Amino acid sequence: TQVGASAAWTRSLTPSLTVGTNLDWSRTTDNSQTGAVTRLYALRVFLSRPLSALTSVYGGARYQDSRANTSESCREAA
């Protein structure tokens, strides 16, 4: 069984520069007898800027945290 939620926010810093963030959360539960539970948290931030009418450039960063009760947890930033 999986449940989760997401939130997104964007804002124009200037007419040609936008910043945005995404926050995600999910919990996955094994329906068998093991009762394994995994929780995932992720935060993403990005900047975008149009170069022309048909082209934009994007750059961003991500932080992710995965926690489980049956295996090692991990954290990642990129």
Side-chain angles (χ1 to χ4, degrees):
T1 305
Q2 184 173 2
V3 296
S6 294
W9 174 81
T10 58
R11 173 119 176 129
S12 293
L13 299 177
T14 68
S16 63
L17 184 62
T18 301
V19 64
T21 60
N22 298 344
L23 179 62
D24 301 318
W25 167 83
S26 68
R27 183 183 70 216
T28 305
T29 304
D30 183 358
N31 292 328
S32 70
Q33 297 286 37
T34 64
V37 176
T38 302
R39 289 179 178 84
L40 178 64
Y41 309 89
L43 173 64
R44 288 182 279 292
V45 178
F46 69 90
L47 291 170
S48 69
R49 180 181 173 142
L51 298 178
S52 69
L54 299 175
T55 307
S56 294
V57 64
Y58 292 86
R62 180 188 74 230
Y63 176 78
Q64 186 171 302
D65 186 0
S66 178
R67 300 177 186 191
N69 64 350
T70 58
S71 63
E72 289 190 33
S73 298
C74 68
R75 291 183 180 145
E76 176 183 75

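Treat the numbers as computed from the prediction; the structure is a model and nothing was measured.
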### Query
Excluding sequence neighbours, so at least two apart, what forms side-chain contact (heavy atoms from CB on, under 4.5 Å) with Thr28?
Gln2
### Task
Keeping to residues at least two apart or across chains, list the side-chain hydrogen bond (donor to acceptor under 3.5 Å, both in side chains) pairs with something in residues 37-50.
Asp24-Arg44
### Task
Could you pull out the closest heavy-atom pair between Ala36 and Asn69, with the gap in Å?
CA-OD1, 3.4 Å
### Message
Just checking Glu76: does its CD atom have more than 12 heavy atoms from other residues, nucleotides or ligands closer to it than 6.0 angstrom?
### Response
yes
### Query
Do the side chains of Tyr63 and Val45 get nearer than 4.5 Å, heavy atoms only?
no
### Partner residues of Leu40 under the side-chain contact (heavy atoms from CB on, under 4.5 Å) criterion, sequence neighbours left out
Ser26, Gln64, Ser66
### Query
Have Asn31 and Thr1 got a donor and an acceptor in their side chains that come within less than 3.5 Å?
yes
### Query
In the single-linkage hydrophobic clustering (I, L, V, M, F, W, Y; side-chain heavy atoms under 4.5 Å), do Leu13 and Val57 co-cluster?
no
### Task
List the atom of Ser56, the atom of Pro50, and the distance in Å for their closest heavy-atom pair.
OG-CA, 3.6 Å
### Message
How close do Asn22 and Ala8 get, counting heavy atoms only, and between which atoms?
### Response
OD1-CB, 3.6 Å
### Task
For the pair Val3 and Trp25, evaluate side-chain contact (heavy atoms from CB on, under 4.5 Å) and give the outcome as yes or no after the intermediate values.
CA-CA 8 Å; Val3 296; Trp25 167 83; 4.0 Å; yes
### Value rounded to 0.5 Å, distance of CG in Leu17 from OG in Ser12
8.5 Å
### Query
For Phe46 and Thr10, what are the C-alpha separation, side-chain angles and deciding distance, and is it a side-chain contact (heavy atoms from CB on, under 4.5 Å)?
CA-CA 9 Å; Phe46 69 90; Thr10 58; 4.1 Å; yes
#### Entry: Side-chain touch Arg27/Arg67, heavy atoms, less than 4.5 angstrom
no
